[in-house]
2 protein chains.
Amino acid sequence: MSTEHTARTSTRVPVGHSASVPGINESVLFAGCPEVIGTPFSYAREEEVYGEGEEAEFVYKVISGAVRTHKVLSDGRRQITGFHLPGDLFGFEQGACNRHTAEALTNTKVLIFKRRQVERAATGSAEVACQLWGMATNDLRHAQDHMLLLGRRSAAERVATFLMEVDERLGGTGTFALPMTRRDIADFLGLTIETVSRTLSQLEEGGALRRVGGRQVILRRARLRRVVED
Amino acid sequence: MSTEHTARTSTRVPVGHSASVPGINESVLFAGCPEVIGTPFSYAREEEVYGEGEEAEFVYKVISGAVRTHKVLSDGRRQITGFHLPGDLFGFEQGACNRHTAEALTNTKVLIFKRRQVERAATGSAEVACQLWGMATNDLRHAQDHMLLLGRRSAAERVATFLMEVDERLGGTGTFALPMTRRDIADFLGLTIETVSRTLSQLEEGGALRRVGGRQVILRRARLRRVVED
DNA sequence: CGGGTGGTTGATAATTCTCAATTGTTGTGG
DNA sequence: CCACAACAATTGAGAATTATCAACCACCCG
């Protein structure tokens, strides 16, 4: 069961508005929508970006690092609903209130956009609104794929699927360092850390991957694919 | 494990366009968008509305009856991603291709809208696009709640949550007939039919509900809530 | 070096699944 | 209206998977 997540009481909140950074460093959220510009902001490892229940004031784009969003039950059981890597947007899911907590996995740089501004841009431009619709639809697709994984796949299938997905999002080289702990993986896959660990060991035994000290993995993708088999 | 769903090869598809039905029978999808009107259509119990992988040509609004959408693995394991009751829209989730199969639980009447038309309405009206965005966001919220259920809740919690949700969507009286089979419930909750059945028996023993012949249930909502406890 | 965190492994327990048998429900035709 | 078939739901016994509890190891960073 999930236990012992760092307790945090307050969310650090950006103030002021730095100038937009033109040129190669693109800080606009939508092409042709210069009024919605992002403010650079940083979070430290394990720092909370926003908390469940708080007013949803901002939306975010990851520049570097990684963020997780999760839900918790009152007894501490936790389900991570997504990992957000550079280029990803998050914080769009909610209405007036955040329905997740978001935390930085590592030191993370983001661009912050005011929700209000994004909404105003959407009501003013069908094109922007359609992009937002498309993004939500995309998130929905991921969520539904993940439902199938959580509801119907075995531990080995979950872990193998997860590794292939992370690989793809990190460049698809087959060699990478997992940016999250076993607890995060477990809480994403609906397993315990022990089961994740054991499953990784079994996959290694079966020649589907090699581990180098905890986080680093080298995937044998053809064999991993055979584990998932679909 | 999920097995033996009725195999269907072809999806029946509506042809032609009946006149819009004005008056109390509202067939427009969006207020102030008269060009997107729905065509009434019916599906028989267990009939396929659309299949995974097919081109996504229509979107649907349930008038009466009920529809389920699901995903399947090659070995037959199935995850139902949603039940759609009167008033609900479905078929919006996909891009060019359906990523689910949709089937009628019972004899079902729907309104069918051409995807193309809906998309055109969205690109032409920020208001429509925002409504679509909102609908997708809403679906996303449900999906994420369901992830928490599938990843972290016990069988008893899942079944109790499910019963309360169905009750609410069916009017909140606490007394209703489940519109779906145990298999459907199981495939929605990530359990087996036997576990669903046993869990219902335990809930009945514990006084959280009463069953009358298979489908009919009378909930003791306060006690059910105590099972979910959150 | 030492302490802390994160990760692995082992033994055992709990939950859920599987397989099998039985009962209940519904719809149909005689 | 009843008997029967077909399907749906329940229940039981035993197996499998995953969780829990506990010990241990490894690495990092001062």
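Numbered from 1 within each chain, the chains take letters A, B, ... in sequence-line order.
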*Do the non-hydrogen side-chain atoms of B:R99 and B:T81 ever get within less than 4.5 Å of each other?*
no
*Below 4.5 Å, heavy atoms only, C-beta onward: do B:F188 and B:H146 meet side chain to side chain?*
yes
*Choosing from D:dA9, C:dT8, C:dT18, which nucleotide comes nearest the side chain of B:T181?*
D:dA9
_Could you tell me how far apart A:E204 (CD) and C:dT8 (P) are, to the nearest whole angstrom?_
9 Å
*asked:* Closest approach to the side chain of A:S197, judged atom by atom: which nucleotide of C:dC17, C:dT9, D:dA9 is it?
replied: C:dT9
*asked:* Tell me whether the side-chain N/O atoms of A:S201 come closer than 4.0 Å to OP1 or OP2 in C:dT9.
replied: yes
*Pick base, sugar-phosphate or nothing for A:R211, based on heavy-atom distances below 4.0 Å to the nucleic acid.*
sugar-phosphate
*Do the side chain of A:R198 and the base of D:dT20 come within less than 3.5 angstrom through a donor-acceptor pair of N or O atoms?*
yes
*Between atom CG in B:D184 and atom C1' in D:dA9, what is the gap in whole Å?*
14 Å
*Nearest whole angstrom, please: distance from the P of D:dA9 to the CD of B:Q216.*
14 Å
*Could you please name the option among D:dA8, C:dT16, D:dT11 that lies closest to any side-chain atom of B:L191?*
C:dT16
_Whole-Å gap separating P (D:dT20) and CG (A:D75)_ = 10 Å
_On DNA chain C, does the nearest nucleotide to B:R153 precede the nearest nucleotide to A:M180 from the 5' side, or the other way round? Give the residue._
A:M180
*What integer distance in Å separates B:R182:CZ from C:dT25:P?*
11 Å
*How long is the gap from CG on A:D88 to CZ on A:R169, to the nearest 0.5 Å?*
5.0 Å
*Residue mapping more 5' on DNA chain D - nearest nucleotide basis, A:G213 or A:T195*: A:T195
*Would you kindly give the CZ-to-C1' distance between A:R77 and D:dA19, to the nearest whole Å?*
13 Å
*A:D187 CG to C:dG7 P: how many Å, rounded?*
12 Å
*Which nucleotide sits closest to the side chain of B:R215: D:dA9, C:dT8, C:dT18?*
D:dA9
*asked:* On DNA chain C, does the nearest nucleotide to A:I193 precede the nearest nucleotide to B:S154 from the 5' side, or the other way round? Give the residue.
replied: A:I193
*For residues A:D184 and A:R78, determine if any side-chain heavy atom of one lies less than 4.5 Å from a side-chain heavy atom of the other.*
yes
_B:E194 CD - D:dA13 P separation (whole Å)_ = 15 Å
*For the ring pair B:F58 and B:F41, is the centre-to-centre distance below 6.0 Å?*
no
